[in-house]
Amino acid sequence: MPKADINKAGWEQSEFPILCETCLGDNPFIRMSKQEFGRSCGTCARPFTIFRWNPGSGARYKATVICQTCAKVKNVCQTCLLDLEYGLPTQVRDTALAIQSEAPTSDINREYYAQNMESKMEDGTKSMVQVGGRAGSAGKEMLKELARTNPYYKRNRPHVCSFFVKGECKRGVECPYRHERPVDNELAHQSIKDRYHGHNDPVARKILATHAVAQGLKPPEDQTIMSLFLSSLPASATEVDIRTDVVKSLPHVPSSQLKSVVHVAKSRCAFVNFKDRTSAERAAEAWANGLDMDGEKVSVRWGRGKTGGSAKVAVSSRSSSSTPPTVTTAA
């Protein structure tokens, strides 16, 4: 490498971006502008080639925000950062497939990590995320139910006109921005790094919470309930096996938040108790379609608060067959 380019080592050059169908737009005669080293990557901070284009009539101009190496590591679009196969946020996909994010978030290690991933993918590997490889049937079923198969071009609409919000826009119908009042909720505060790493993504939280409710795992109003009830366990399952599978299936929940596992071998059921309500809700969202153990799908329901020195299972549960008998254990 010439001395003049030694400072550009690790910078990325590309000929075409990695995009999803929605961001690419419905215009078959799209025109793109290309600028080498036009900006730094939103995740690894390395300069990369940016592309800018108009997806179609009435849409805003879009541009790539992360480099191709980071996009390949997570198998996401360079613009919206959604999974290329399912069209879902990475937090939803990783929760369903029990994938632990290995990408560092600190400024010191992220560029080093990106360079190592780039060298590993030089052999033609398209992505470092092997979707569907080790995933259980419950995780695959969950992704199939949540997958967005058709493009959602409404996401390409122009942004809200800030002058209209202030009451100062004088362009009228000629204004290229939307004239409507913005909705101030958690969905209006999104971060590129949170979306990419799959942490505290408001869109992902909404999707997972809605899906859990649809599967009959609506969080009980009693905030003191922090346990989940597992039924139809494998006959050979032990308390250690249950604890191990629970920890592996919840990579986004620290193992220290697991308080205890009460296994009732005779009834082939167990209570999984957490130290806080948030961890219990994250577990319920991850197990909305069941928990895979030894090739069998285990039913999951919310526990019920202590009454008269005993803990009972909530009857408002999702059941494909007849309602199982109520199981009572000593507190």
Ignoring hydrogens and angles, tell me if any N or O in the side chain of [X] forms a donor-acceptor pair with the backbone of [Y] under 3.5 Å.
X      : Y      : result
Lys275 : Ser256 : yes
Asp201 : Val203 : yes
Thr90  : Tyr196 : yes
Arg268 : Ala237 : no
Arg178 : His159 : no
Gln68  : Phe16  : yes

Going by atom types only, do Asp222 and Thr224 share a side-chain donor-acceptor pair under 3.5 Å?
->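 A donor-acceptor contact under 3.5 Å links the two side chains.
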Answer yes if the side chains of Thr238 and Asp241 hold a donor-acceptor pair under 3.5 Å, and no otherwise.
->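 The answer is yes; a qualifying pair exists.
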Are Leu230 and Leu250 linked, directly or through other ILVMFWY residues, by side chains that come within less than 4.5 angstrom of each other?
->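 Yes, Leu230 and Leu250 fall within the same hydrophobic cluster.
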Report whether Val298 and Val247 are members of the same hydrophobic cluster (ILVMFWY, side-chain heavy atoms less than 4.5 Å apart, transitive linking).
->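 Looking at the clustering, Val247 is in the same group as Val298.
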Phe164 six-ring centre to Arg181 NZ/CZ under 6.0 Å and within 45° of normal =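 Yes, Arg181 sits over the ring of Phe164.
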Heavy-atom closest contact (Gln91 atom, Ala204 atom, distance) |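 Gln91 and Ala204 have their closest heavy atoms at CB-CB, 3.6 Å.
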How many angstroms lie between atom [atom1] of [X] and atom [atom2] of [Y], to the nearest 0.5 angstrom?
X      : Y      : atom1 : atom2 : answer
Asp292 : Ser249 : CG    : OG    : 9.0 Å
His197 : Ile192 : NE2   : CD1   : 11.0 Å
Leu143 : Glu85  : CG    : CD    : 8.5 Å

Report the residue from Lys259, Arg282, Gln223, Gln257 that forms a side chain to side chain donor-acceptor pair (under 3.5 Å) with Asp276.
->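 Of all the options given, the one that passes is Gln257.
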With a 4.5 Å heavy-atom cut-off, do Phe48 and Arg39 have their side chains touching?
->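 Yes - at least one pair of side-chain heavy atoms lies under 4.5 Å apart.
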